[in-house]
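Contents: one structure, followed by commentary.
Numbers restart at 1 for each chain; the letters A, B, ... are given by sequence-line order, proteins then strands.
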Amino acid sequence: MKQIDAAAHVRGESVFVDDVPDVRGTLHVAVLDSVEAHARIVRLDTSRAAAAPGVVAVLTAADVPGENQVGGILPDEPLLAEDEVDFCGQPVALVVAETAEAAHAARALVEVEYEPLEVVTEPREAARRGLLIQPPRHLEAGDVDAAWRACAHVVEGRCRSGGQEHLYLETQCAYALPEEDGRLRVLSSTQGPTAVQRGLARVLGIDMHRIEVDVRRLGGGFGGKEDQATTWAALAALACVRTGRPARLTLDRHDDLRMTGRRHPYEVDFRIGLDAELKVLAFEATYYQDAGAAADLSPAVLERTMLHVTGAYRVPNVRVTLYSCRTNLPPNTAFRGFGGPQGLFAMEAALAEAARHVGVETLELQRRNLLREGDAFPFGQLAEGCNARPSLEALDAWCDLARMREEVRAFNAAHRFHKRGMAVMPICFGISFTKRTLNQAGALVHVYSDGSVAVSTGAVEMGQGVTTKLQQIAARGLGVAPARVRVESANTLRVANTSPTAASSAADLNGMALARACAELRGRLLACAAQQLGAAPGEVDLVDDRVVRNGEGAGLDWPQLVARAYLQRVDLSARAHYATPGLDYDTETQRGRPFAYHVYGAAVLVVKLDCLRGTYVVEQVLAMHDFGESLNPHIDLGQAEGGIVQGLGWMTMEEVVYDPAGRLRSNSLSTYKVPDIHSMPARLEVRFLEGASSDRAIYRSKAIGEPPLLYGIGAYFALRDAVLAFDPEARFPIDAPMTPEKALLALHDRGARA
Amino acid sequence: MSERVHFLLNDRAVSSDAPAGTPLLTVVRDEFHLVGTKPGCREGDCGACTVLIGELGPRGLRYRSVVSCLTPLASVQGRHVVTVEGLNESGLSPVQRAMVEHGGQQCGFCTPGFVVSLTGFALCGARGGTAAAVEALDGNLCRCTGYAGIVRAAEEVATRVGPCPADEDPLAWAVRRGIVPARFAGVAERLAALPSPTPAAVAPTTRPIAGGTDLLVGERWHREAVRPLPAGGDGRPSVAREGDELVLAAHCTGTDLWHAPELRAVLPRLPEYLKLVASTQIRNMGSVAGNLVNASPIGDYTILLLALGARVCLVDGANAARELPLDAFYRGYKQLDLAPDERITAVRFPAPPTTSRFHFEKVSKRTHLDIASVNTAALVDVADGRITSARVSAGGVAPVPLLLRDTSAWLSGRPFTEATFAAAGDVVQAEVTPIADVRGSVRYKRLLLRNLLLAHFFELSAARGGHA
């Protein structure tokens, strides 16, 4: 089944927040941000801006009626700067005007005088100075110190993975509309309607029930609108409340790039030990996460890194320490994978270094150390339905990895300046929010008297197809045709206390709640049908829009049944709640079960490196992925393909660059490059692994949003393989992304080598 | 004050009195409320705002895709502007259907741009197979799909919807196949009936522009009263051969370069180079002259033309003309030998003799639609294994687009060998002064230039003299 919005999308008829027509009196908001990465505000004068044509108000922190605070996990992020700024791009003032043009023109008239303070942009430097978001996290399993003695090989190293800009095509935006009695209706491009509602209540100093947040769809999110949409909705709401008029805020691309955070860069020092059979015995590492200037979601991201340090491998002795470092950069935030990819990257770096040291292929180490059923993760959870080895075996059966390696060798022997590189990337990703509370969802289903159905949940559609899956779940749950079901916007008035659409879990959590609500309604309607037909309750069922009795049509279709149930005063609405069972992770002991299940898979990647120019193409990505029993293969395949290419971008061309003063240099689409249509691998194939699934996945269809991004990590190691094919002695830092610059320096620049 | 601009917007004859330089995207969304055209970046790098521009030319009505964010309003006078809404009929068009069937869209925000670009490809006859269809999408970014579904849709359009039969007019074919609504058949007549622009008293200081793709970057409200060159420029062909010279008119675009047989005859690999320059939409808009005047140290057309020995032809407000070598045009970073009332009328360069070898190299972070870290072009004559003359240019290694005079002189007379070009990599270092920026470190740019000289050798030796 295709995405239900697809036809509207291709006709340009799908409505995004900035497409909603202005209601009468709408004002427009422009945000003035800090030009200093760390400074005291000595003077802030808004008078000239306030006097500019068309300007209705210029607002600063002093105008915030409630708490001037948007920090979610820690209260360390003011909505508008007060006496100090902590990063370039931090909102300082708002200009509210009759037109967007007037607002933007007047923004330049706000006068701010800064007294610069010392700027820290390097996470290790921040850690050295004790500039941490929270105390360091530690996780330990087995006895690492004892394990080193049993190791035949011990390898130390260091690696870095860079940031990544979300580059959702629709920039951050919100539209706040005043309603009577101090109520506010807010259209927000957010992954977290409840987060926005809660954030606005705090900033405006009013109760949550006065704030309605409605989300129809997002033009991409990828984590960038999980926590960081709140600021823009709050600023629009502030303008609305202060002027009493509707207020619209849409960041332009340059503002969005400058003012919002990205994926966290990580630097990792590691030490890995293998026994004579090349089994990994011990892994010890220190992680420096660049959190930026405020906590945002960094502690949660760090926790997910900690729970993914061993990737898809069994490692009996583990000791890791993780620092969340406070720098003077925009606060980094959720991004597809949420710290997991950074954890897997470091593990692959350690394996690659170990393999080079020992003189074997990395694949050999990967094979020998993949998780098996019942193996323990370092936090104690056991691998259940473990598809790590089956994925690699199925990939090998499909692709013949040994033959591929031979072909790469033969090509390299025949070419002087072109070298192919190859890497296998096994993945393992835990499904559930690591914060247990968030693993809950609600659903509301109305069956109208004509038989049409309206469904509401907290799931936000951002292209991942959750709306379509919810429609399928409701149709399946009720026994009706999908066309009878309309999935409504995520709206805080209809479903309250929602978790953000994140952690790959929107379909699982909201789908489970929806399936429960539908089961409830189905039960009520079947009771009504049984009574009507004089049948025993177990004899009747709803299939394809009609009632069947003992498998035969009973002469009662869905609209007739619904009409009858209404006449008999049967409740035709149901709401249900779902909380993932069995999650018991203890953050004190770092032991327990944080995840409902894991998603596995394995991919092989082949690149071709032009060793004269440093340029390359990713030629092949072949992935054997653990979808479970996919509810919608069309949508899930699209998620896998899109995730892979986004992962390739992270590892190849997407380079976030700041100058030493903390100013973003990759501040436009001409300087920050994401994959274009020519960057897509010539051969990109994803196959569905036949293997175990989990009952905690909705209809045993596993979560799909984030895991495929991890395959992209293989691109870095395939490129590294190609560099080493050109020069087996090459020494260069493991530093993703492998831009053409880094590739060329690795290939040729002796001076740049460590 | 403003000149009123008349154009056909989908199926409506409309006019706007917004300032001439206002981006078409702003006019379409804010004035005409056609919100299917999306603002993604306002710098021509994402294609979400792609629209089609139809204009009457010698071959009848022809359409090309442009990014509306960089299209000055005045440049659509008398033309047909087609947004995604203008493609909609009750059912889906074959292009729309292909995108739906193959999962070419997820969040839907970039989707209208892809649909319009792919429709633009189909309106040109959907010729050239899947590769050509994909190339038509080189100016559109999608962050959701990884392009896999889009490529499948492009393949469908290129191979099962198209191509248009060789003997059929592409527009008539597209109408017949339902790729565009039937009303497109009457557009030529409606365009001819549009009012002429209100004759405006254009101030002599009004900036003439040819394209505007750099001028409007990041500007949602460009309120300058610019004066776009009229369609077809001053009536001269965009590319012409005059004796031993090739002449590019001021309005000549990258797309004009691509399709000019006069250029193909002397620079057979030119389309391959042009693929590395901007995107389909930008090549449809930006002019060569604009690239020269923009004076970027890394301008691709500039680097190509420096090696070709081009001269710029200028005319001032009093119609006095002069000519100067392109390398003398650049005096310093963004400093030109150009008076305020002067403008480029043409660019001329000697047609390379068939014994010459020419090559262009460009390396950027992303291969397509990116700005070079270093680019370089070389025109070399070889006789009896020796270089008889060399003219090598390089961008990104100095404050100006650089003609590498010393290196070119050094190469002349030496053996045409790998060793010579490897040694030239040392010679060139004294001639360049790259700076560290977002496109690379100094060390990288120097190393890259060195290697690209070697790359020239390999490519030039493969060319084996002569273009045939």
Among [options], who wins on heavy-atom pairs under 4.5 Å with chain A?
options: B:D138, B:N88, B:V115, B:T111; result: B:N88
options: B:G36, B:G146, B:C107, B:G149; result: B:C107
options: B:E418, B:E85, B:R42, B:E135; result: B:E418
options: B:G40, B:G44, B:P39; result: B:G40
options: B:R143, B:K445, B:Q106; result: B:R143
options: B:Q105, B:E43, B:M99, B:H33; result: B:E43

Restricting to non-hydrogen atoms, name the atom on [X] and the atom on [Y] that form the minimum distance, rounded to 0.1 Å.
X: B:S364; Y: A:P740; answer: O-CG, 3.8 Å
X: A:G12; Y: B:P112; answer: CA-CG, 3.9 Å
X: B:A148; Y: A:L684; answer: CB-CD2, 4.2 Å
X: B:R152; Y: A:E641; answer: NH1-OE2, 2.9 Å
X: B:V100; Y: A:K2; answer: O-CD, 3.7 Å
X: A:S670; Y: B:R439; answer: O-NH1, 3.2 Å

May I have the step-by-step check of side-chain contact (heavy atoms from CB on, under 4.5 Å) for A:K742 and B:Y444, ending in yes or no?
CA-CA 8 Å; A:K742 288 183 197 163; B:Y444 171 57; over 6 Å; no
Using modelled atom types only, decide if a donor and an acceptor are shared between the side chain of [X] and the backbone of [Y] within a distance under 3.5 Å.
X: A:K673; Y: B:T367; value: no
X: B:N451; Y: A:R613; value: no
X: A:R11; Y: B:E89; value: yes
X: B:R366; Y: A:P675; value: no

Between [atom1] of [X] and [atom2] of [Y], what distance do you get to the nearest 0.5 Å?
X: A:L612; Y: B:L453; atom1: CG; atom2: CG; answer: 10.0 Å
X: B:K38; Y: A:E170; atom1: NZ; atom2: CD; answer: 8.5 Å
X: B:K365; Y: A:E654; atom1: NZ; atom2: CD; answer: 10.0 Å
X: A:I677; Y: B:S279; atom1: CD1; atom2: OG; answer: 12.5 Å
X: A:D676; Y: B:L137; atom1: CG; atom2: CG; answer: 10.5 Å
X: B:H102; Y: A:H634; atom1: NE2; atom2: NE2; answer: 9.5 Å

At a 4.5 Å cut-off on heavy atoms, which part of [X] comes close to chain B: side chain, backbone, both, or neither?
X: A:A100; answer: both
X: A:S668; answer: both
X: A:V657; answer: side chain
X: A:M462; answer: backbone
X: A:H104; answer: side chain
X: A:E101; answer: both

Is chain A contacted by the side chain of [X], its backbone, both, or neither, given a heavy-atom distance below 4.5 Å?
X: B:S441; result: both
X: B:E101; result: both
X: B:D30; result: neither
X: B:S373; result: neither
X: B:A436; result: backbone
X: B:R223; result: side chain
X: B:L141; result: both

When heavy-atom pairs shorter than 4.5 Å are enumerated against chain B, which of A:V15, A:L167, A:T615 gives the highest number?
A:L167
Given A:V645, A:I644, A:L669, the one with more heavy-atom pairs under 4.5 angstrom with chain B than any other is A:L669
Working note: B:R29 + A:D18, criterion salt bridge (charged side-chain N to carboxylate O under 4.0 Å, His left out); need CA distance, chi angles, decisive distance, verdict.
CA-CA 10 Å; B:R29 273 184 77 85; A:D18 198 54; 3.1 Å; yes
Walk me through whether B:R443 and A:D749 qualify under salt bridge (charged side-chain N to carboxylate O under 4.0 Å, His left out).
CA-CA 9 Å; B:R443 170 179 249 151; A:D749 191 332; 2.7 Å; yes
Could you check, using the six-membered ring where one of them is a Trp, whether A:Y168 and B:F109 have ring centers closer than 6.0 angstrom?
no
I would like to know whether B:C144 and A:F222 meet side-chain contact (heavy atoms from CB on, under 4.5 Å); could you show each step before the answer?
CA-CA 9 Å; B:C144 293; A:F222 314 113; 3.8 Å; yes
